[in-house]
Each structure stands twice: as C-alpha cells, then as structure tokens.
Amino acid sequence: MIKKYKDLLDKKDLSEVDSDTGLIIDFEERRQKDKVILIPSESICPKAVREALGSRFTNIYAEGYPALRMNQGEEKELLDFEYQLSYYRRYGNRRFYKGCEYADFIESLARRRIAKCFATDRTRAEDIFVNIQPLSGAAANNSVYEAFCEPRDTIMGMALTVGGHLTHGSKFNRSGKRYDIVSYGVDSKTERLNYERIEKLALRYKPKMLIAGYTSYPWAPDWRRFREIADKCGALLFADIAHPAGLVIAGFYPTPIGYADVITFTTHKTICGPRAAVILTTDREKAKKIESSVFPGEQGGPHVNKFAAIAVAFKIAQTRQYRHLQKRIVENCKVLASALQNEGLKLAYGGTNTHLLVIDLRKIKGRNGYPLKGEPAARILDLAGIVTNKNTIPGDEATTLASGIRLGTPWVTQREFGVLEMKKLAKVIAAILTNIKPFSYIGLTGEIPRGKIDFEILQRAKEDVRKIIEDIR
Ligand code: PLP
C-alpha cells in the first residue's frame, strides 16, 4: 500500500494517473499550435520556465520574506551557498516556517535579476526594491492601494471603457467599491491622452493616487508629464505596466523608473514568464509598506514555485535573443496596424507604438445599419483560427456591446511570424470582418449582437490561416 503511494509520488505520469486531464491538456496544446493567437496579454512560457514552475518548490510554505542580507550585492555573493547557509543556521529569519533556506535563495535571485533588468543609467539595481509575491496583476494592484490609500481616498485612473484596467477603479472591482474614483479618458477627436485635460481633472479632484498604464490603450504614456501632474496635485504616481513590461526592459517602451513612486507588472504577458506579478519602488520606506500590504495584508503563503519560474524568465530576459524578440513584437504590431489600415479597416486610437492595437468595427454595418460588435467579430475570427478578444473603445458604454477587437503580437512573434505573415493575417482578418453581416435581437438580458458570414468565405479564411501556420512550421 505504502509502496503504491510512493509510486504515485515519483513514478506515475499524468496519463497513467488521470487520462481525462491529460487529454484536455493535449487538446489545449493542439489548439495553441493550430490557431493564430493574437491576444496581447498572452505569450508562450518557455519550457525551462515551465520546468521551474513544476518543480518541488510547489510543495512548500514560505510565509514571510527572505533575509535582508540576501537582497544586497552581486548575484555571485548570493549564490555563495556555504556563506548564506551558515547565516541561516545561526540566526533567526523573516519566514514563519522552517525549511525555507532554498526558498530564500530563489526569491532573492529572482528579485535581483528583476532589479538588474529595470536598472537605468540613473537608477542602480541596488536602489530598486522588488516584491515578487503578488499572485497576479490584480492582487498586486490591490496591495498597492492598501499600502498607500485609505478607504474613500480619491484615486484617478483611466476609465475601463477606453483602455484602463478593471483594477483602476471599475465599479465591478474592489478598487471602484472601496475608493472614490475619478476617471480620465482620451481626447474625443484624437483618441489620444490629453495631458492638459488630465492635469485639470487632477488639480480639481486632488487624488491621493494617479494611475498611468493601460490594458487596451495602444500608445505609451509620457511618464515625465504624468510625474509633473502628480507633483502638482500632490498624488503618488502609480505606473501599471502589466502589459508592456517586456518592452520596457528591452528598451522599446519608456521606463517609468525614475518617474513613478510605485510600479506593478505581470510576468505572463510580454515578459513571457509564469502567471504572477511584481511590485517595484525605489523608495525604501514605500517598499516596507508594500511588503506588509502584500503579506500579511493581502495574501498568505506565496507560490515559491513561481519564484523559481520568475528567476528563469528574468535570466532569459537578459539575453540578446529576448531583446530581439521584444523589438520584433513592436515591429510586427506596427506592420499589422498599417496592413489592416491598408485593407480599409479603422484602428481605434489611430494606431499603435506598442505590442497591441484595437480595431474599430463601427464602420462595418448590416442592412438595417446595425454595426458589427466585438463579440460576433471575435467569435467568427476564432472559428477561422484567429484568436482575439472583444474590447470597448472610446464611445462604448457596455462591455457586452463592445465595438472593438484587440489584437497583439507577442505570441505570434514568439512563433517567428514576421512582416509577410502580418500582411497575410491582415488580409484574412479584413476578408472576414468586412464580410460579416451584423444583426441583433433582444434576448432575456437585452440587446444581443450577432453576425453571419457566408460559409464559403469562412472556409476560405480557415484554409488561409491553416496555410500561414503551415508555412511557418
Ligand atoms: N493591470 C493591467 C493594466 C492589466 O492589463 C491587467 C491584466 O490584463 C492587470 C492589471 C491584471 O493582471 P491579472 O490578470 O494577472 O490579475
């Protein structure tokens, strides 16, 4: 009996233990290979990172933080195992459990690599305080609010409908329920950030915290301008670079380091690592507040296996190969954007200088003038093998009736799609979207947007997508 249990621990693989789960994972693997994935928040996590994620660090608890000593000096000193372990044996530490000596190494290693990646000419790695315990971007953002704001303080961020994130004050999220929210939008003509208006709004409402950083707004913000506004109204500047963090460390998106008081990002979007999030600050006192707000404020035991995966992801992030990947992600997005425009499609916000873009579908209309909505557009694209998501754009009020679809290039660039493939994709996307006949009906939940496409056109598009993938393999 005991022996059998031992077999379960070390010998039996997934197909033997649970063939149903194994099969579903196989299906998902197939889907990821057979489809063109253009979701800007998704990327392919490298095998080495997944290996670390599946390591035995998943077995342990490590509430607390690594020894302060381990956060200083060169990586070589940290990895002097004899030296560090002698301290561990001799002194108490900041963990609530014993057995965390290697958890300390892995958390510190990941932190240092992140600090190194975000260091600039003016900000040294040693001056960047890194917290890698948030379980995801939303949890990281909530921890930031808890660290610096009281309930009913005013927080100002971009509205969800024009590109902000749920956690920037949406009424459906804890942020919108707990704090008084002032939302800024985009200029109605240019669909770009209007800093004079943002400044006016900030001076009027004097928020405790000003948030910049977006989910679907495709242009990089001017951090210097945001810093000025925050200083004028006495706000803390919070940069949420969940999306473009990979571009930032490779130098293809301006860094908020040196401008923002606090920065959060996820490690699973352009960073191409495990699903997790990080909080940065260059202020020691703020770092302390963040630490206690993440643990014990927001979370219990951290996911140590993620620390290992993050460490590997940030080892990769220091390579030339990675820098090249990030450069190509942005280039591909620009090419895709202009190719879509050449095919006659309109881009919300007028274009992009990042890894994502949003197509404005409102020009595509049915016989009775009903415009194409994001939901049927994304659904039909998916049937053809192109995965995107519906997105609200300036002018929209409800997510269910979003008029846009959001596209991004991290995943396809990792698969080595280039200029040629971007142009081919733009053609297929345009052929599908412009041939959808939009309509709607009133269901139990109100207006339900739908669309129809000629079967032959859909089949042709499917075949084109299949060929694009086949040619790249
Ligand atoms: N912040 C921004 C700007 C995001 O785009 C996202 C996710 O899309 C998050 C925070 C939340 O990240 P997560 O989904 O990991 O909670």
Side-chain angles (χ1 to χ4, degrees), residues 37-43 45 53 131-147 155-170 172-176 179 181 183-186 193 209-221 223 226 237-248 253-254 256 260 262-280 290 294 298-299 302-303 306 309-310 313 329 333 349 352 354-358 387-393 399 402 404-411:
I37 298 181
L38 290 173
I39 307 271
S41 42
E42 294 181 1
S43 57
C45 186
L53 196 61
N131 191 306
I132 62 168
Q133 296 204 359
L135 303 180
S136 75
N141 289 358
N142 281 326
S143 299
V144 168
Y145 300 139
E146 286 292 312
I155 292 180
M156 180 168 155
M158 187 183 242
L160 176 69
T161 46
V162 297
H165 187 252
L166 267 179
T167 54
H168 299 177
S170 157
F172 301 110
N173 183 263
R174 194 168 103 188
S175 56
Y179 306 103
I181 301 299
S183 299
Y184 59 87
V186 289
L193 291 175
M209 182 168 287
L210 174 62
I211 311 165
Y214 312 108
T215 295
S216 59
Y217 180 74
W219 302 99
W223 296 118
F226 268 111
L237 181 59
F238 168 19
D240 179 350
I241 52 165
H243 263 268
L247 311 185
V248 169
Y253 190 103
V262 56
I263 298 166
T264 61
F265 64 88
T266 57
T267 54
H268 47 271
K269 297 186 173 86
T270 50
I271 294 285
C272 310
R275 308 196 70 80
V278 175
I279 308 178
L280 305 178
I290 291 165
V294 173
E298 182 80 18
Q299 298 178 179
H303 296 183
K306 283 188 183 182
I310 292 172
I329 288 174
C333 199
Y349 313 96
T352 175
T354 60
H355 63 299
L356 68 88
L357 60 88
V358 186
V387 188
T388 63
N389 66 273
K390 70 170 176 229
N391 219 109
T392 52
I393 55 176
T399 313
I405 46 169
R406 189 181 64 151
L407 276 58
T409 47
W411 190 305

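Start at 1 and go down the list; that is how both ligands and their atoms are numbered. All values below were derived from every heavy atom in this structure, side-chain atoms included, with hydrogens, water molecules and symmetry-related copies excluded.
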ask   = Between Tyr214 and His243, is a side chain to side chain contact (heavy atoms under 4.5 Å, CB included) present by the stated rule, with each step listed?
value = CA-CA 7 Å; Tyr214 312 108; His243 263 268; over 6 Å; no
message = Contact between ligand 1 and His268 is defined here as a heavy atom of the residue under 4.0 Å from a ligand atom; is it met?
response = yes
ask   = Going by the order shown, which atoms of ligand 1 are within less than 4.0 Å of some heavy atom of Tyr214?
value = 3 (C)
inquiry  = Quick check on Arg275: does its CZ atom have over 12 non-hydrogen neighbours (other residues, nucleotides or ligands) under 6.0 Å away?
reply    = no
remark   = When distances are taken from atom 13 (P) of ligand 1, the protein heavy atom at minimum range is Gly137 N, 3.4 Å
inquiry  = Which label fits Tyr184 and Phe226: parallel for a plane angle under 30°, tilted from 30 to 60°, or perpendicular past 60°?
reply    = tilted
remark   = So OG of Ser216 and CG of Leu356: to nearest 0.5 Å the spacing works out to 7.0 Å
remark   = Looking only at protein heavy atoms, what sits closest to atom 7 (C) of ligand 1 is Lys269 NZ, 2.8 Å
ask   = Short list, please: which atoms of ligand 1 are under 4.0 Å from a heavy atom of Ala138?
value = 11 (C), 12 (O), 13 (P), 16 (O)
remark   = For Asn141, the ligand 1 atoms with a heavy-atom partner under 4.0 Å come out as 1 (N), 10 (C)
query = If we only count N/O pairs under 3.5 Å, is Asp240 in contact with ligand 1?
reply = yes
key: OH on Tyr253 to CD1 on Ile241, rounded to 0.5 Å   = 8.0 Å
inquiry  = Using a 4.0 Å cutoff against the non-hydrogen atoms of Thr266, which atoms of ligand 1 qualify?
reply    = 12 (O), 15 (O)
task = Calculate, to the nearest 0.5 Å, the distance between atoms CG and CD1 belonging to Asn131 and Ile290 respectively.
result = 7.5 Å
message = Test your reading of the structure: does His168 have an N or O sitting under 3.5 Å from an N or O of ligand 1?
response = no
ask   = Which ligand 1 atoms does His243 reach within 4.0 Å, using its non-hydrogen atoms?
value = 5 (O)
query = Among protein heavy atoms, which sits nearest to atom 5 (O) of ligand 1, and what does the distance come to when rounded to 0.1 Å?
reply = Thr215 OG1, 2.8 Å
query = Judged by atom type as modelled, is there a donor-acceptor pair below 3.5 Å linking the side chain of Thr392 to the main-chain atoms of Thr399?
reply = no
task = Determine whether the side chains of Asp240 and His168 contain a donor N or O and an acceptor N or O closer than 3.5 Å.
result = yes
